[in-house]
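Structure, as structure tokens:
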Amino acid sequence: MWRGFRTAHPGTRAGRYLLIWKKSSAFWPDSSLSGTGPYSGHRRRANRQEFSKMTLAIIGTGNMAQGLATVFSTTGNAVVFGSRQPSDTAVSIADAVAQADIVFLAVPYDAAADVVKAADGFVGKIVVDLTNPMKADFSGLAIGFSTSAAEEIARLAPQAKVVKGFNTLFASVLQNRGQVAGTPATVLLAGDDTDAVAQVAALVNAAGLKAIVAGPLAAARNLEAVAALNIGLGYGQGKGTDIAPTWVGI
Ligand SMILES: NC(=O)c1ccc[n+]([C@@H]2O[C@H](COP(=O)([O-])OP(=O)(O)OC[C@H]3O[C@@H](n4cnc5c(N)ncnc54)[C@H](OP(=O)(O)O)[C@@H]3O)[C@@H](O)[C@H]2O)c1
């Protein structure tokens, strides 16, 4: 069912996104980080950075990878795909990570350990984890009460700065430039490294989506549960994939 998106969105392979160089027209709306709390002091610092000069590595070339490339096609960043099968449109995982400022993990959760190994532990890198550790039949999460996919990946890669994000959005929403039901989608984020979270939040907002920081990495347990709810609504309840969770009042 999950892989069905690929056939539902033909012609969106990695090729046209291998490297996207554009002059930045980046902007950072005020919603980049919610007003108070441990992340609020990082907004100005994050905004001062020259985001358009950052290179984004997307590990994986599937549905979410294509969606991310679409979303970031407006931010002026260079985007490189990393794959276990390098081609004329994707370099090796190690090469992609080596040139990246921010890495996006767009592979199945079960593949995360392989990717961490191929990336030599993502030492010093910001790694955005998109994975949802769903059971094989998508009836619910395989883990969740006492840990999360993001926390497990952080354990596998202790020198990486892991940020949970984008997992609550369907790939088709990202492929639609982050628009859901005609409005910018919300990207819920969680992470222990506040600077890393701030950078990802600023990038999200620069792409025209809305970042909401949910808290430390342990909050990924909730974000993964929200994603399971989203999948249940989209498929189990037949609401389709032009839906996405957000939070009113933030
Ligand atoms: N699709 C959605 O709407 C959605 C929404 C939210 C979150 N997510 C999460 O996002 C992640 C990617 O989902 P997707 O729909 O984009 O999946 P997908 O279309 O099946 O793409 C998965 C990608 O992962 C690569 N991969 C698989 N096993 C690998 C391994 N052992 N080492 C390296 N690369 C490997 C695949 O490479 P090959 O092409 O070589 O097989 C492929 O490029 C999943 O964790 C999923 O839970 C998906």
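The shown structure was predicted, so the numbers you read here are calculated from the model rather than taken from an experiment. In each ligand, atom 1 is the first atom listed, and ligand 1 is the first ligand listed.
Leu188 and Ile250 fall within the same hydrophobic cluster, where Ile, Leu, Val, Met, Phe, Trp and Tyr residues are linked whenever their side-chain heavy atoms come under 4.5 Å apart, directly or through other members. A single hydrophobic cluster is not seen to contain both Val127 and Val123; linkage of ILVMFWY side chains at heavy-atom distances under 4.5 Å, directly or through other members, places them apart.
Not a single heavy atom of Ser83 lies less than 4.0 angstrom from ligand 1. Within the structure, ligand 1 has Ala106 among the residues with a heavy atom less than 4.0 angstrom away. Distances shorter than 4.0 angstrom do not occur between any heavy atom of Thr241 and any atom of ligand 1.
Annotation for Asp120: atom CG does not count as buried by contact number, only 12 or fewer foreign heavy atoms lying within 6.0 Å.
No option in Asn167, Thr168, Asn230 other than Asn167 meets the side-chain hydrogen bond (donor to acceptor under 3.5 Å, both in side chains) test with Asn132.
The shortest N/O to N/O separation between Thr61 and ligand 1 falls below 3.5 Å. Some N or O of Arg84 is nearer than 3.5 Å to an N or O of ligand 1, by distance alone.
With sequence neighbours left out, the salt bridge (charged side-chain N to carboxylate O under 4.0 Å, His left out) criterion links Arg155 to Glu152.
Ligand-side atoms of ligand 1 in range of Tyr109: 45 (O), range being under 4.0 angstrom from any heavy atom. Taking every non-hydrogen atom of Gln85 and a distance limit under 4.0 Å, the qualifying atoms of ligand 1 come out as 40 (O). Residue Phe170 has at least one heavy-atom neighbour below 4.0 Å for each of these atoms of ligand 1: 3 (O). Atom numbering of ligand 1 starts at 1 in the shown order; those under 4.0 Å from a heavy atom of Gly62 are 16 (O), 19 (O), 21 (O), 43 (O). Atoms of ligand 1 found under 4.0 Å from any heavy atom of Val115 (numbered from 1 in listed order, with element): 32 (N), 33 (C). Short contacts between ligand 1 and Thr131, defined as distances under 4.0 Å to a heavy atom of the residue, involve ligand atoms 45 (O). Under a 4.0 Å criterion applied to the non-hydrogen atoms of Ala171, ligand 1 contributes the atoms 1 (N), 2 (C), 3 (O). Interface of Asp114 with ligand 1, defined as ligand atoms under 4.0 Å from a residue heavy atom, comprises 31 (N).
The option with the heavy atom closest to atom 44 (C) of ligand 1, from among Leu130, Val107, Asn132, Leu174, is Val107. Scanning Leu169, Leu105, Ile93, Asp129 for the heavy atom closest to atom 5 (C) of ligand 1 points to Leu169.
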Please output the side-chain donor-acceptor pairs of residues 107-119 that fall under 3.5 Å, not counting sequence neighbours, one pair per line with the distance.
none

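In this model, a donor atom of one side chain and an acceptor atom of the other lie less than 3.5 Å apart for Thr241 and Ser172.
Phe72 and Phe104 have tilted rings, their planes meeting at an angle from 30° to 60° on a 0 to 90° scale.
The shortest heavy-atom contact between Glu224 and Ala149 is OE1-N, 2.9 Å.
Between the CD1 atom of Ile102 and the OG1 atom of Thr55 there is a distance of 10.5 Å, given to the nearest 0.5 Å.
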